[in-house]
Amino acid sequence: MKEKLPKDIRVDHRLICEMIEPDLKVLDLGCGDGELLSLLIKHKGCRGTGIEINEHAIYKCVAKGLTVSHADINSGLSDYSDGRFDYVILNESLQEVLNIKATILEALRVGKKVVVGVPNFCHFSARLQLFFNGRVPVTEGLPYQWYDTPNLRFFSIKDFRFFCKENNISIEKFTAVGRGIEIKFLRNLFAHIGIFLLTKH
Amino acid sequence: MSEEGSGTVETQYFTSFKSPDKLVLKSGEKIGDITQAYETYGTLNEDKSNAILVFHALTGDAHAAGFHEGDKNPGWWNPMIGPGKAFDTNKYFVICANCLGSCKGTTGPSSINSETGKPYGLSFPVITIEDTVVAQKKLIEHLGIEKLFCMAGGSMGGLSVLKWTTLYPGSTSCAIVIATNHRHTAQQIALHEVARQAIMSDPSWMEGDYYGKSIPARGLALARMIGHITYMSDKSMEEKFGRKLIGKEKVGYDFSQDFEVENYLKYRSDTFVQRFDANSFLYLTKALDYFDLAEEGALVDTVKKATASFLVISFTSDWLYPSYQAKEFIKAMRAADLDVSDIEINTSYGHDAFLVEVEGQSKLIKHFMERIEKER
């Protein structure tokens with residue numbers, strides 16, 4: 001039974017929920033404590049599995065009644081055959097992956113479509129900090145100091161578009177979030193997070 | 001029943017496979033009668049849908065929870081089974097039976113062969129995990145249970161869960177597999193072989209015909225010492241004993257006991273010898289070594305017979321059944337599209353963790369079963 005999406009959920013979660021078709025099979029890579037996955041199951045009628053590396057997050061996922069695997073993103077994906085999922089979701093986890101290209105291509109193998117949510121390193125506040133302070137930016141979207149960040153890769157919404165083009169990946173849908181609202185214009189400047197729906201060419 | 005736990009419990013017995021309907025073992029040999037010792041905790045509900053079967057490890061028994069009359073120590077999984085615990089006996093009916101070949105009430109090499117009136121000894125046929133599963137299925141039917149709600153087990157008990165769920169698909173809603181793998185590796189077989197050789201090289205062993213005479217205590221104690229080392233991690237041993245000396249200021253420069261760890265192994269193995277039969281140790285370690293879920297071909301083809309939802313738990317410091325070995329059957333389960341959740345719990349307790357890491361396991365098991373309860 002599907003319930004209406006609650007009002008107080010995170011904007012990126014709402015946009016992802018709106019982006020995908022209901023009642024399908026999803027794999028949430030780097031599902032954290034399972035908040036998004038449990039929304040997709042409860043409110044979109046999806047069936048799904050999460051993959052998460054953090055042990056404490058696994059307890060929270062199981063407490064939410066989720067099926068979850070304690071693994072890192074890359075080894076977790078290799079367990080699945082081609083096209084096993086309708087959607088593979090990589091929300092806020094891609095920047096922590098070393099080989100982004102391999103991970104996305106692997107996600108596109110396992111899933112018919114891939115949803116990617118990435119932080120935008122070229123938000124205007126980051127550009128200002130870099131230009132005027134001459135320091136590596138710390139922003140709402142990327143709140144970590146350079147010496148203490150889980151992020152391994154730093155890129156912008158524009159960079160990611162170029163990456164998709166170069167690798168023959170189609171962007172079916174795109175939306176962006178900044179300061180808790182959906183951003184519709186000048187997104188590489190004003191958005192903290194870009195959300196892409198990808199398919200293979 | 002006390003507030004704290006399962007209170008005083010008693011072992012019960014069930015005899016089946018009476019001649020001529022003997023149990024045909026995997027080896028082709030037949031055996032009967034078979035008596036199985038078992039205990040139950042909680043109450044079976046009216047539609048018999050709240051039963052959980054737990055399997056013990058190598059040297060365990062049917063006494064999983066509560067206290068036997070006059071005993072100081074409770075059953076082996078008491079922190080996990082009882083009112084309000086992971087396996088909540090206010091809700092569930094928990095069953096634990098002693099496995100075939102053991103010496104804790106179920107028919108094994110130390111039992112009297114009804115045809116000869118003497119203990120079986122080595123005339124007892126070699127048994128497998130599958131044979132135990134077949135025997136326990138009979139017990140479950142005897143209790144009037146068509147479908148279990150859940151089954152759970154660690155170490156050897158985990159192998160029984162894997163076997164049961166693939167041999168009798170649909171006979172349980174969910175299954176919890178802890179600290180195990182789908183077949184023994186060369187290292188595990190080698191460790192068992194050293195333990196078996198320790199027993200068989202004890203002059204008192206007498207080809208297994210020692211009942212009523214002196215038991216092969218030294219051999220069995222040695223076998224247990226090896227086992228104990230494999231159940232702990234280097235870290236847990238370091239924390240527990242370090243290089244502490246036992247009752248002396250300086251090392252003795254002789255072959256008396258110097259270190260606390262030596263004393264611990266001696267003490268634990270001496271008490272073990274009083275409670276366990278050497279032949280049972282031989283038979284059960286063989287059963288473990290023979291177990292291979294992939295013996296009929298690809299592992300994925302075997303596991304895809306299962307229909308249960310799985311929770312698989314492993315432990316970071318368990319070097320006897322390391323997590324990466326569990327990952328192998330988890331991978332096959334995923335490939336077979338089974339519903340499987342898995343976690344590797346960070347702990348320094350080694351293989352023993354499945355008995356002592358109560359808090360994390362309890363949370364996981366409770367929440368996992370709550371979901372299955374809702375889904376069924």
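A, B, ... follow the sequence lines: proteins, then strands. Residue 1 opens every chain.
Heavy atoms of B/Ile345 lying under 4.5 Å from chain A belong to its backbone as well as its side chain. Residue contact with chain A, scored on non-hydrogen atoms closer than 4.5 Å, is absent for B/Val312. There is no contact between A/Arg47 and chain B, counting heavy-atom distances below 4.5 Å. For A/Ser78, the parts sitting under 4.5 Å from any heavy atom of chain B are the backbone and the side chain alike. Residue contact with chain B, scored on non-hydrogen atoms closer than 4.5 Å, is absent for A/Ser81. Both the backbone and the side chain of A/Tyr59 have a heavy atom closer than 4.5 Å to some heavy atom of chain B. Contact annotation for B/Glu344: both backbone and side-chain heavy atoms come within less than 4.5 Å of a heavy atom of chain A. Residue A/Lys60: no heavy atom, backbone or side chain, is found under 4.5 Å from chain B.
Of the listed residues (B/Asp339, B/Asp337, B/Leu311, B/Val340), the one with the most heavy-atom contacts under 4.5 Å to chain A is B/Asp337. Between chain B and the residues A/Gly76, A/Ser69, A/Gly65, the largest count of heavy-atom pairs under 4.5 Å involves A/Ser69.
Checking side-chain atoms of B/Ser341 against main-chain N and O of A/Val68 turns up a donor-acceptor pair under 3.5 Å.
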CA sep, side-chain torsions, deciding dist, call: B/Ser314, A/His70, side-chain contact (heavy atoms from CB on, under 4.5 Å): CA-CA 10 Å; B/Ser314 61; A/His70 190 188; over 6 Å; no
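For A/Lys200, the NZ atom counts as densely surrounded, since its 6.0 Å shell holds more than 12 non-hydrogen atoms of other residues, nucleotides or ligands. Within 6.0 Å of CZ in A/Arg179 there are 12 or fewer heavy atoms belonging to other residues, nucleotides or ligands. Residue B/Glu239 qualifies as enclosed at atom CD: its count of foreign heavy atoms under 6.0 Å is above 12. By the 6.0 Å contact criterion, CD on A/Glu172 is enclosed, its count of non-hydrogen atoms from other residues, nucleotides or ligands being greater than 12. Taking a 6.0 Å sphere around NZ of A/Lys158, one finds it holds 12 or fewer heavy atoms contributed by other residues, nucleotides or ligands. Within 6.0 Å of CD in B/Glu296 there are 12 or fewer heavy atoms belonging to other residues, nucleotides or ligands. Crowding of B/Tyr349 atom OH: a count of heavy atoms from other residues, nucleotides or ligands under 6.0 Å not exceeding 12. Enclosure of atom CZ in A/Phe163 by more than 12 non-hydrogen atoms of other residues, nucleotides or ligands within 6.0 angstrom is indicated.
Minimum heavy-atom separation, B/Arg371 to A/Thr67: NH2-OG1, 3.2 Å. For the pair A/Ile58 and B/Asp342, the tightest heavy-atom approach, listed with the atom from each and the gap, is CG2-O, 4.3 Å. The minimum heavy-atom distance linking A/Glu55 with B/Asn346 is given by the pair OE1-N, 2.9 Å.
Salt-bridge formation is not detected for the pair A/Asp79/B/Lys327: no Lys NZ or Arg NE/NH1/NH2 atom is positioned less than 4.0 Å from an Asp or Glu carboxylate oxygen.
Side-chain contact annotation: B/Arg334 with A/Thr49, donor-acceptor N/O pair under 3.5 Å absent.
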